[in-house]
Amino acid sequence: MRIARFSIDGNVAFGAVEGNSPDELVLDIIKGIPFADFELSGTKVPLSKVRLLPPVLPNKVVAIGRNYAEHAAELGHEVPKDSDAPITFFKPSTSVIGSGDAIAYPSFSQELHHEAELAVVIGRMCREVPRDRVKDVIFGYTCANDVTARDVQKREQQWARAKGFDTSCPLGPWVETDLDPADLAIQCTVNGEQRQLGRTTDMIRSIEDLVVHITEAMTLLPGDVILTGTPAGVGPLTVGDEVAVTIEGIGTLTNKVIKRG
């Protein structure tokens, strides 16, 4: 099931996305919230009549660095080994935007990059999750763009400003709850030109590895998000660019880059 969060006439709701053709998609409004038992209301609105919002409002976004060997190599970093602990960092909730929202180019950077990623959405409160229970705590998957101020990342020891600035975490367009993430194509285009193309099979550490590792240290809450790393091909964004992240089985997350006001 595809679950979207949207606003219409000043009201915010969740809905199940129905249909296949982009021109025919409708939302069946959900009674309640999708992280608990819910019912479909039967009240349907065309997707074209609503504004899509970030599909979840995470308490925290836990991101993974250098989880694809070719991406690590393209930035001149040593390729992590399977035995290495994953590189983890946070993106704050204030960095999250939805599909169609603008990425504001930060005034303190001159080198903004796109990073297309598969995002894991947590469905229940959990900690110290054993490997065989990881699937039980996952609500679904969505597209993400770990927008990065690359020049700031290079010159500052911590990545908080480089990866945590406002609008640096586009998520969407919705959450797909029925999906096997083991072998999915991930693509990023800028103004229609392909920049990134990879598959989740190329991850150094699996989703199970990441959930186990993260929950050893912290409690994850419903709606929290894990970014699983980006394939090779990251590159610059400029004001006016339209960047799109497409993941097989989910859909396309699209954002335009604007000058920060």
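As a basis for the values below, the full set of heavy atoms in this structure was taken, side chains included, without hydrogen atoms, waters or symmetry mates. For reference, positions follow the sequence shown, starting with 1.
Around CG of Asp183, the count of heavy atoms belonging to other residues, nucleotides or ligands within 6.0 Å exceeds 12. The environment of NZ in Lys256 is sparse: at most 12 heavy-atom neighbours from other residues, nucleotides or ligands sit within 6.0 Å. Under a cut-off of 6.0 angstrom, the local environment of CD in Gln110 is sparse, with at most 12 non-hydrogen atoms contributed by other residues, nucleotides or ligands. Heavy-atom neighbours of Arg133 CZ from other residues, nucleotides or ligands within 6.0 Å: at or below the threshold of 12.
Remark: Ser109 OG to Leu237 CG distance equals 10.0 Å, nearest 0.5 Å. Rounded to the nearest 0.5 Å, atoms OG1 (Thr238) and NZ (Lys259) are 13.5 Å apart. The structure places CZ of Arg260 at 13.5 Å from CD1 of Ile103, a figure rounded to the nearest 0.5 Å. Here Ser99 contributes atom OG and Asn255 contributes atom CG; the two are 6.0 Å apart, rounded to the nearest 0.5 Å. To the nearest 0.5 Å, atoms CG (Leu25) and CG (Asp23) are separated by 8.5 Å. In this structure, the separation between OG1 on Thr215 and CE on Met125 is 13.0 Å, given to the nearest 0.5 Å.
For Pro181 against Tyr141, the heavy-atom pair with the smallest separation is CG-OH, 3.4 Å. Ser95 approaches Gly164 most closely through the heavy-atom pair CB-O, 4.0 Å. Residues Pro222 and Phe35 come closest through the heavy atom pair CB-CG, 4.0 Å. Contact between Gly172 and Leu253 at its shortest, heavy atoms only, is O-CB, 3.6 Å. Counting all heavy atoms, side chain and backbone alike, Gln194 lies closest to Thr189 at CA-CG2, 3.9 Å. Contact detail for Pro54 and Ile97: the closest heavy-atom pair is CG-C, 3.5 Å.
With a 6.0 Å cutoff to the six-membered ring centre and a 45° limit on the axis angle, Arg161 counts as a cation-pi contact of Phe108.
Side-chain atoms of Leu227 and Val62, non-hydrogen and from C-beta on, never get closer than 4.5 Å to each other. Contact annotation: the side chain of Ile3 never approaches that of Glu176 to less than 4.5 Å [non-hydrogen atoms, C-beta and beyond]. Side-chain atoms of Ile30 and Ser41, non-hydrogen and from C-beta on, never get closer than 4.5 Å to each other. Using a 4.5 Å heavy-atom cutoff, the side chains of Asp28 and Glu39 are not in contact. With a 4.5 Å cut-off on side-chain heavy atoms, His114 and Asp146 do not count as touching. Under the 4.5 Å side-chain criterion, counting only non-hydrogen atoms from C-beta, Asp202 is not in contact with Glu70. Within the 4.5 Å cutoff, no side-chain heavy atoms of Thr148 are placed close to those of Leu112. Side-chain atoms of Val225 and Val120, non-hydrogen and from C-beta on, never get closer than 4.5 Å to each other.
Following chains of ILVMFWY side-chain contacts shorter than 4.5 Å, one can reach Val239 starting from Val243, so the two form part of one hydrophobic cluster. Cluster annotation: Val190 is not connected to Val234 through the hydrophobic network of ILVMFWY side chains, with a link wherever side-chain heavy atoms come within less than 4.5 Å. A continuous path of ILVMFWY side-chain contacts below 4.5 Å connects Ile64 to Val137, so both sit in one hydrophobic cluster. Hydrophobic clustering (side-chain heavy atoms under 4.5 Å, transitive across Ile, Leu, Val, Met, Phe, Trp, Tyr) groups Val129 together with Ile122. The hydrophobic cluster containing Val12 does not contain Ile8, counting ILVMFWY residues as joined when their side-chain heavy atoms lie under 4.5 angstrom apart, directly or transitively.
Under a 3.5 Å cut-off, the side chain of Ser93 and the backbone N or O of Lys60 do not form any donor-acceptor pair. Proximity of a side-chain donor or acceptor of Arg195 to a complementary backbone N or O of Pro236 within less than 3.5 Å is detected. Looking at Arg2, its side chain never comes within 3.5 Å of a backbone N or O of Gly251 through a donor-acceptor pair. At least one donor-acceptor pair closer than 3.5 Å links the side chain of Asp224 to the backbone N or O of Asn59. At least one donor-acceptor pair under 3.5 Å links the side chain of Lys91 to the backbone N or O of Lys163.
The pair Asp101-Arg51 meets the salt-bridge criterion, since a charged nitrogen lies less than 4.0 angstrom from a carboxylate oxygen. Between Asp151 and Lys154 there is no salt bridge, since no side-chain nitrogen of the basic residue lies less than 4.0 Å from a carboxylate oxygen of the acidic one. Ionic pairing of Arg127 and Glu216 is not present here: no N-O contact between side-chain nitrogen and carboxylate oxygen is shorter than 4.0 angstrom.
Scanning for salt bridge (Lys or Arg N to Asp or Glu O under 4.0 Å) contacts around Asp209 gives Arg131, Arg205, with sequence neighbours left out. When the salt bridge (Lys or Arg N to Asp or Glu O under 4.0 Å) test is applied to Asp166, no partner is found at least two apart in sequence or on another chain. Scanning for salt bridge (Lys or Arg N to Asp or Glu O under 4.0 Å) contacts around Glu18 gives Lys44, with sequence neighbours left out.
Checking Gln196, His113, Glu117, Arg66 one by one against Thr230, the side-chain hydrogen bond (donor to acceptor under 3.5 Å, both in side chains) holds for a single residue, Gln196. Checking each of Ile226, Ile138, Thr200, Val212 against Ile207 for a side-chain contact (heavy atoms from CB on, under 4.5 Å) leaves exactly one that passes, namely Ile138.
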Go through Lys135 and Glu208 one step at a time and tell me if the salt bridge (Lys or Arg N to Asp or Glu O under 4.0 Å) criterion holds.
CA-CA 8 Å; Lys135 290 183 180 180; Glu208 289 80 9; 5.6 Å; no

Go through the steps for Phe38 and Lys31 under the test side chain to side chain contact (heavy atoms under 4.5 Å, CB included), then give the verdict.
CA-CA 6 Å; Phe38 66 86; Lys31 295 180 180 179; 5.8 Å; no

Give the intermediate values and the outcome of side chain to side chain contact (heavy atoms under 4.5 Å, CB included) for residues Phe90 and Val61.
CA-CA 6 Å; Phe90 292 105; Val61 177; over 6 Å; no

